[in-house]
Amino acid sequence: MKNIPPLLPPFWRTLLSLAAAAALSACATAPMPGGPVTPEDVAAAPPLQPKAASDIVVTPAKPVAPTSVAAPVDPLRPEEAVNLDASSARVDLWARVRTGFSVPDLDNDYVRRAEQWYSQRPDYVQRMTERGGRYLYHIVEEVQRRGLPTELALLPFIESAFNPQALSSAKASGMWQFMPATGRDFELRQNMFRDDRRDVLASTRAALDYLTRLYGMFGDWHLALAAYNWGEGNVQRAIARNERAGQPTDYESLRMPEETRYYVPKLQAVKNIVLRPDAFALTLPALENHPYFLGVPIERDIDVAVAARLAGLSLEEFKALNPQMNQPVILAAGTPQVLLPYDNASIFVNNLTRYRGQLASWTAWVVPRTMRPADVARELDVDEDTLREANRIPMRMLVKAGSTLIVPRAADAASNVAGHIADNASIALAPDVPPLQRVVLKAGRKGETVASVARRTRTTTAQLAAWNKVAARGRFAPGASVVLYLPAKAAQVAMASAAPEPAQAQAAKASASARGKASRSVARPATQQRRAVAAARPAATQRTAAARPAATRAVASRNGSMRVAEARDSIRR
């Protein structure tokens, strides 16, 4: 009974074996009845791929209407049926790639260095080519349909090692390594729910569009490839620099970064390996000339995990063909189809048609006003930790009005998320801090530096400069208005630092000043008398000191000369 899921305990395997035998007997004379999928149905279903889960179906208490599913199609030729038994399907795909090479060859030290690097890493080349086998047929088809050199189908080997989840330190993403801005230029949507730079079909279309445009600009594939890596503006400036100097403007003559200098030689090295793998002691995996995957239309929102289980795939295998998903739910309005291996596409359609469980456990909710996550959780009656984790909301942050959150979906909610949300959803956060007050102060009469005002108002120089659009080392004009945005308490401190003195304080200061003047005027007549007394004090002091007994002088001198006084007394005795 090879169809019994191997993950079940022996007791249940025995029961399912008996049930499957009865089901197979019944299926020989009558079609499978409708209704919820049972263990017998699972046992009688077509064989699943390895790693298939045994819990692909849940039967709810309330019956749910069956899901209508369109038949799988080849995304490139949706109007044609896929025939894996056709003679063309058994052609070696590598041979097809070789016959389409037309980019002029490079032969330099960079090429030989790249050849040596790959030949010394056969395990890496094996993994890279096996991974690329999922996508290479589709790319070759698209390249040849446009009349382009098939070397371009090998470019993902250089860009990402055919890893559609690749993300560079410069934020380039996908197996074609699109930067965010370039991706938007070529209609690769990037939002909360998906990033089409990782989409296998969309990114391939955009990359070939871009390469075609670059070749139209330069008329040379080496320069077009350099521009794909370095940017067309940089290549144009390098060409102009050589033209001014009267130097050649071909790829090898231009001054460029080392990465770009090495870029086309690496592609040439991969091309040489594909042409003659034996010369480098490498082996390429056999690839047949037919689609690895088919497109299955999605008409209802569905969880990624549910879709993978219904297709008989592990989550990792499902994401390898559908890496553009940013959330645990696939929105039908934004994702018209999912890609599945040829055999699993039929399994998915069969299981989804008979599925009676909840397809999506998540939905989207637009925040009506700026809110704390705790308030959102309370309003929607969901767990706050779940909400934070699903939407990656850090502590002490607010969710701004208009943001879209993914939230648990009610069990009886079957409607799809609207298209405008699926295409434009985003989330914006702000620090959860007290509201700020706008404070306007006046610079001093002689003017003040930005740094001195910052110290006086207990703010930072950089922040004060940004608020007032001045240089951090600048100076305010005398009496100029200085704008600050501060919390309530800090605003009070800042205002107090520049507020005029209250009337009572001014009156008290004036009174103290008047008293000081009066005291000085009264004391003036006695000034000469005080001077005479002070002049007489030194003489009186000297007489008193002379009249002191010797013993008294000895005691007075003990701090510094006690031993000297004692010696003098002993001599006298």
Just verifying a value: how many Å separate Ser160 OG and Leu167 CG, rounded to the nearest 0.5 Å? 11.5 Å
Side chain of Trp94, backbone of Pro285: donor and acceptor closer than 3.5 Å? yes
Do Arg96 and Gln144 have side-chain atoms, one donor and one acceptor, less than 3.5 Å apart? yes
Least distance between heavy atoms, Met179 atom then Ala170 atom: CE-O, 3.0 Å
Under a 4.0 Å threshold between the charged nitrogen and the carboxylate oxygen, would Arg184 count as salt-bridged to Asp196? no
Tell me, with the steps shown, if Thr363 and Val329 meet side chain to side chain contact (heavy atoms under 4.5 Å, CB included). CA-CA 8 Å; Thr363 188; Val329 62; over 6 Å; no
Ignoring hydrogens and angles, tell me if any N or O in the side chain of Arg131 forms a donor-acceptor pair with the backbone of Pro164 under 3.5 Å. no
Would you check, one step at a time, whether the test side chain to side chain contact (heavy atoms under 4.5 Å, CB included) holds for Val304 with Gln327? CA-CA 8 Å; Val304 173; Gln327 302 295 345; over 6 Å; no
Measure the shortest side-chain to side-chain distance between Leu155 and Lys266 over non-hydrogen atoms and say whether it is less than 4.5 angstrom. no
What's the shortest heavy-atom distance between Leu225 and Tyr263, and which atoms? O-CE2, 3.3 Å
Does this structure show an ion pair linking Arg146 with Glu142, if we count only N-O contacts that are shorter than 4.0 Å? yes
Does Glu151 use its side chain to pair, donor to acceptor, with the backbone of Ser102 at less than 3.5 Å? yes
Whether Gln190 side chain and Leu188 backbone form a donor-acceptor pair below 3.5 Å: yes
Roughly how far, to the nearest 0.5 Å, is CE of Met397 from CZ of Arg392? 15.0 Å
Using side-chain heavy atoms (C-beta onward) and a distance below 4.5 Å, is Trp362 in contact with Pro408? yes
Among Val143, Leu201, Asp74, which residue satisfies the side-chain contact (heavy atoms from CB on, under 4.5 Å) criterion with His138? Leu201
May I ask you to test the Arg197-Pro180 pair for a side-chain heavy-atom distance under 4.5 Å? yes
Flag the pair Arg127 and Asp123 as a salt bridge only when some basic side-chain nitrogen lies within less than 4.0 angstrom of an acidic carboxylate oxygen. no
Short question: side chain of Thr182, backbone of Phe178 - any donor-acceptor pair under 3.5 Å? no
Steps toward side chain to side chain contact (heavy atoms under 4.5 Å, CB included) verdict (Tyr292, Leu321): CA-CA 10 Å; Tyr292 176 84; Leu321 291 178; 4.1 Å; yes
Under the criterion salt bridge (charged side-chain N to carboxylate O under 4.0 Å, His left out), I'd like the reasoning laid out for Arg189 against Asp199: C-alpha separation, chi angles, the key distance, then a yes or no. CA-CA 10 Å; Arg189 194 176 297 276; Asp199 185 286; over 6 Å; no
Classify the side-chain pair Asn391/Arg388 by whether it contains a donor and acceptor separated by less than 3.5 Å. no
Taking the side chain as every heavy atom from C-beta outward, state whether Asn416 and Arg300 have any pair of such atoms under 4.5 Å apart. yes
Quick one: does Ile139's side chain get under 4.5 Å of Phe162's, heavy atoms only? yes
Between Val140 and Val97, the two heavy atoms sitting closest are CG2-CG2, 3.7 Å
Which atom pair, heavy atoms only, marks the closest approach of Ile330 to Ala307? CD1-CB, 4.4 Å
Heavy-atom side-chain proximity of Arg354 to Asn351 below 4.5 angstrom: yes
Would you indicate whether the side-chain heavy atoms of Leu294 and Val73 approach each other to under 4.5 Å? no
When every non-hydrogen atom of Ala226 is compared with those of Val235, the smallest separation belongs to C-CG2, 4.0 Å
CD/Gln247: more than 12 non-hydrogen atoms of other groups inside 6.0 Å: yes
Side-chain H-bond candidate by donor/acceptor type, Asn272 with Arg276, under 3.5 Å: no
To the nearest 0.5 Å, what is the distance between CD1 (Ile427) and NZ (Lys400)? 11.5 Å
I'd like to know if the side chain of Ser253 pairs up with that of Asp250 as donor and acceptor (distance under 3.5 Å, no hydrogens or angles considered). yes
To the nearest 0.5 Å, tell me how far Thr204 OG1 sits from Leu152 CG. 11.5 Å
Test your reading of the model: is there a side-chain donor-acceptor pair from Thr150 to the backbone of Phe101, 3.5 Å cut-off? yes
Passes side chain to side chain contact (heavy atoms under 4.5 Å, CB included), Asp301 versus Arg409? Steps please. CA-CA 11 Å; Asp301 295 349; Arg409 183 189 295 248; 3.1 Å; yes
Flag the pair Thr129 / Val274 as yes when at least one side-chain heavy-atom distance between them is below 4.5 Å, and no otherwise. no
Correct closest heavy-atom pair for Ala422 and Val417 would be N-CG1, 4.4 Å
With Asn108 as reference, evaluate Arg261, Gln268, Glu252 under the side chain to side chain donor-acceptor pair (under 3.5 Å) test and give the passing residue. Glu252
Taking side-chain hydrogen bond (donor to acceptor under 3.5 Å, both in side chains) as the definition, give me every residue that meets it alongside Ser346, ordered by chain and number, with sequence neighbours left out. none
Looking only at the side chains, is there a donor atom on one of Tyr228 and Gln177 sitting less than 3.5 Å from an acceptor on the other? no
Step through the shown structure and confirm whether more than 12 heavy atoms of other residues, nucleotides or ligands are within 6.0 Å of CD on Glu389. no
Classify the ring geometry between Tyr215 and Trp221 as parallel (under 30°), tilted (30 to 60°) or perpendicular (over 60°). parallel
Enumerate the salt bridge (charged side-chain N to carboxylate O under 4.0 Å, His left out) contacts for residues 218-241, please, sequence neighbours excluded, ordered by first and then second residue. Arg213-Glu232
Approximate separation, where rounding is to 0.5 Å, of Asp423 CG and Arg194 CZ: 5.0 Å
Would you compute the distance between atom CG of Leu214 and atom CG of Asp209 and round it to the nearest 0.5 angstrom? 11.0 Å
Counting N and O atoms only, with roles assigned by atom type, does the side chain of Asn322 sit under 3.5 Å from a partner on the main chain of Leu339, one being a donor and the other an acceptor? yes
